[in-house]
Each structure stands twice: as structure tokens, then as C-alpha cells.
Protein chains: 2
Amino acid sequence: MSEPKPLTRNQTLVLDTLSAEHAPLSAYDILDRLREEGLKAPLQVYRALETLTERGLAHRLESLNAFVACAGDDCHRSGVIGFAICEKCGSVAEFSDFVLRQRLEGWADRQGFHPHETTIEMRGMCAACSVAA
Amino acid sequence: MSEPKPLTRNQTLVLDTLSAEHAPLSAYDILDRLREEGLKAPLQVYRALETLTERGLAHRLESLNAFVACAGDDCHRSGVIGFAICEKCGSVAEFSDFVLRQRLEGWADRQGFHPHETTIEMRGMCAACSVAA
DNA sequence: ACTCTAATGTTATATCATTACGCTTGCTTC
DNA sequence: GAAGCAAGCGTAATGATATAACATTAGAGT
Ligand SMILES: [Zn+2]
Ligand SMILES: [Zn+2]
Ligand SMILES: [Zn+2]
Ligand SMILES: [Zn+2]
């Protein structure tokens, strides 16, 4: 194997921005926070995000068109990941469940379907926000 | 209880368009197909889609920003639905699995998370396209 | 030095979705 | 029937998200 290749400047800026936030950010949110660092165009952010998500350092939340830093000390795309997204406070919990994965793969096998990328997202209210309700 | 309230003209047009297609359509795709019926603005389509998805007659595919007609003889929002989306031919299979649902709800319960809406989408290659590869 | 790959910078454009406002329709209530 | 209400509609403008195209730069491997 080889060196884990360091992140570039733009990639680091974007990942740091995501990590500092406790909620998902859209690419444009990220861009706004990085204007003073010299970033000017959406594409600079999207390109960094592409690399980061490929490496499992960040995740895209499809139902929000937004992104979060990986919460799991780096997933490395470890199989199927699920997200529980609080619609009130924006917190995102990341989970990975073997049975869930097995179940999806079982269905796919029986159908002859070959999954390439799987999205599991629950939107609702987190424990903290529920008690406050 | 009461009558199942008929669909309006716009809602019918949109649902028929979705039903006639074998692949997901974006709101603008739908609009294009309905211009000769007199529709002119995206909002007319989005409003119809909102009603249709609320009633379980159509579904939104979050990872595609697109819509499909319900394939299950009307879901009526019957719990958690999963989708298997072929990235080659665009076919969409709809499935509903009790164990899957149980597993998600179990996790949510343990965390005190209250899911409101759940998205499960697998993108990959369908059986038909796989043999053709 | 040559080549290959990844990343970058910039401009312009494409695609997806909502806000705002006013009108019409059907229904309920006085 | 008039007044009030809710859902739907039409239209224009705008906002939000994402990519295409093209030229350039930096580093690794030979
Ligand atoms: Zn992760
Ligand atoms: Zn919360
Ligand atoms: Zn359905
Ligand atoms: Zn296919």
C-alpha cells in the first residue's frame, strides 16, 4: 500500500468548515464561509467535496442537498451508512447496521440488482429536541 | 370517513405523465410534456406533485431530484418504502420490507429519535441491464 | 525533459425549487 | 344570499443547487 496522500488546501478548508459545524451545510453555505480564504466559485467547493466524499471523509445527504463531515472517525466507505437527521436542530447521527445491510443486499441479490451506492436517511426529531418539545 | 376526493385537472395530468413513463421524471421534464396541455410554470407541476406525493400516488426520489408514479397500486404512505434505481435504463423498483423497517425503528427507539420521513434508495444496475453488460 | 494525473481558477450556464400576489371555486355559516 | 374560509390556480420573479468548458499549474514517475 501507499501513503494516504495529504489533502490539498481547498479540500482541507472545506473539510475543516464541515467539521466545525454541528449541522449539514450546503455547498454554497461552505462557499460563503470560505470567501475570506479566497474561494470564489461554487466549483471549487464541489470539487473538494467530490474528493472528500470519495474518500469517506465527508458524506452527502441526498434529501437535504447538503454535506456533513464523517462522524465515524473516517468511514472509508465501509458498506452501507444510515443517517438520522434532526429537522429541528440539524444534528446528524451516523449509523451502520449489519442486518440492515444484509437485508438490502438480500433483496438486491434475489432481484439481480447490483447496487452501486445506497442512501438511507431518516428525517425527524432527535432525542434532545423531543424532550424540549 | 368521506369520499376519496377526485384529483384536479393539473394533478391528473401530472400523474398520467408519470404513469406513462418508465423512468423517473424531473418536475421540468413533466412540465415540458404538458406544455401543450396549457401548463406554463414549474409551480403548477410542483403543486400537483406535492398533493400526489402526500397521497402516496407518486414518490419523490431524493437522490435524483425526480419523481415516479407509485408502482404499488397505491401505497397510501404504507410505512417505509425502498427504491432500486437503475442508473443505466432508469427503471425503478419499489419495495417494502418489514425487517428493514423494524431494524430502522429499533435503532431510532434506542436513540430516542422520532423519524418523520425515511428515504431508502439503492442506485445501481438492474437485472436486465446487468445481463446486457 | 517528457508524460501523466490530479487539482485549480474563472466564466458562463444548466437545473431544480420557492416566494409573492392576486384571482377563482366550492363549501360552510350566519 | 352574503360573508368568510380553504384549496387550488395562473403568472412573474427570484432563489438555490450543480455542471460545462477551457486554460493553467503542481507533483510523481520514467
Ligand atoms: Zn462516516
Ligand atoms: Zn434535534
Ligand atoms: Zn408506492
Ligand atoms: Zn436497467
Side-chain angles (χ1 to χ4, degrees), chain A residues 1-18 21 23-55 57-68 85 87 90 117 119 121 123, chain B residues 2-15 17-18 21 23-55 57-68 85 87 90 117 119 121 123:
Chain A
M1 295 281 75
S2 51
E3 300 298 304
K5 199 176 190 181
L7 296 178
T8 66
R9 172 177 153 82
N10 285 2
Q11 288 160 8
T12 304
L13 286 170
V14 168
L15 182 55
D16 287 351
T17 304
L18 282 176
E21 201 77 27
L25 291 178
S26 77
Y28 282 78
D29 289 338
I30 296 168
L31 177 57
D32 286 341
R33 282 164 176 67
L34 291 176
R35 288 209 190 271
E36 36 181 62
E37 302 292 342
L39 270 69
K40 291 177 182 167
L43 203 45
Q44 295 175 292
V45 174
Y46 279 107
R47 288 201 273 225
L49 286 169
E50 184 181 4
T51 304
L52 293 172
T53 53
E54 273 169 1
R55 295 220 210 163
L57 299 171
H59 302 294
R60 175 183 171 89
L61 301 175
E62 300 288 353
S63 63
L64 263 49
N65 294 328
F67 302 81
V68 286
I85 305 162
E87 291 176 319
E117 183 91 47
T119 298
E121 298 176 14
R123 292 167 316 281
Chain B
S2 51
E3 301 298 303
K5 198 176 189 179
L7 296 177
T8 66
R9 172 176 153 82
N10 286 2
Q11 288 160 8
T12 304
L13 286 170
V14 168
L15 183 54
T17 304
L18 282 177
E21 201 77 28
L25 291 178
S26 76
Y28 280 78
D29 289 339
I30 296 168
L31 177 56
D32 286 342
R33 282 163 176 66
L34 290 176
R35 289 208 189 271
E36 36 179 64
E37 301 293 341
L39 271 69
K40 291 178 182 165
L43 199 46
Q44 296 175 290
V45 174
Y46 279 107
R47 287 202 274 224
L49 285 169
E50 185 181 2
T51 305
L52 293 172
T53 53
E54 273 170 2
R55 296 220 209 163
L57 299 171
H59 301 295
R60 176 184 171 87
L61 301 176
E62 300 289 352
S63 63
L64 262 50
N65 294 328
F67 302 83
V68 286
I85 305 163
E87 291 176 319
E117 183 92 46
T119 298
E121 297 176 14
R123 295 174 304 289

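Worth saying up front: this structure is predicted, and the values here are computed from it rather than measured. Throughout, a chain's letter reflects where its sequence line sits, starting with A, and its residues are numbered from 1.
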Q.
Expressed as a whole number of angstroms, how long is the span from A:Asp29:CG to D:dA18:C1'?
A. 14 Å

Q) Between atom CG of A:Leu64 and atom CD1 of A:Ile85, what is the distance when rounded to the nearest 0.5 Å? A) 5.0 Å

**Q.** Annotated protein contacts, base or backbone, on nucleotides 19-27 of chain D with a non-hydrogen cut-off under 4.0 Å, one of B, S, - each
**A.** BBB------

Q: For A:Leu39 and for B:Ala27, locate the closest nucleotide of DNA chain C by heavy-atom distance; then report the residue assigned to the nucleotide nearer the 5' terminus.
A: A:Leu39

(Q) Can you give me the first and the last nucleotide of DNA chain C (5' to 3') that has an atom within less than 4.0 angstrom of a non-hydrogen atom in chain A? (A) C:dA6 to C:dT11

Q.
Reading DNA chain D from 5' onward, which residue's closest nucleotide shows up sooner: B:Gln11 or B:Asn65?
A. B:Gln11

Q: In whole angstrom, give the distance that lies between atom CG of B:Leu34 and atom P of D:dG10.
A: 12 Å

Q: Quickly work out the A:Leu61 CG to D:dT17 C1' distance and round it to whole Å.
A: 15 Å

Can you list, pair by pair, the side-chain donor-acceptor contacts under 3.5 Å of residues 30-43 of chain A, counting residues two or more places apart and other chains?
from	atom 1	to	atom 2	distance (Å)
A:Arg33	NE	A:Glu21	OE1	3.2
A:Arg33	NH1	A:Asp29	O	3.4
A:Arg33	NH2	A:Glu21	OE2	3.3
A:Arg35	NH1	A:Lys40	O	3.4

Q | Pairwise 5' ranking along DNA chain D for A:Ser26 and B:Thr51, keeping only the more 5' one | A | B:Thr51

Q) What is the minimum heavy-atom distance between B:Ala58 and B:Leu18, and which atoms define it? A) CB-CD1, 3.9 Å

Q) Rounded to whole angstroms, how far apart are CG on B:Leu64 and C1' on D:dA18? A) 14 Å

Q.
Can you tell me how far apart OG (B:Ser63) and CG (A:Asn65) are? Round to the nearest 0.5 Å.
A. 10.5 Å

Q: Please check if the side chain of A:Glu121 supplies one atom and the backbone of A:Glu62 the other of a donor-acceptor pair under 3.5 Å.
A: yes

Q | Side-chain touch B:Thr8/B:Thr51, heavy atoms, less than 4.5 angstrom | A | no

Q: Report yes or no: do A:Arg60 and A:Thr119 form a side-chain donor-acceptor pair below 3.5 Å?
A: no

Q | Value rounded to 0.5 Å, distance of CG in A:Leu13 from CD in A:Gln11 | A | 10.0 Å

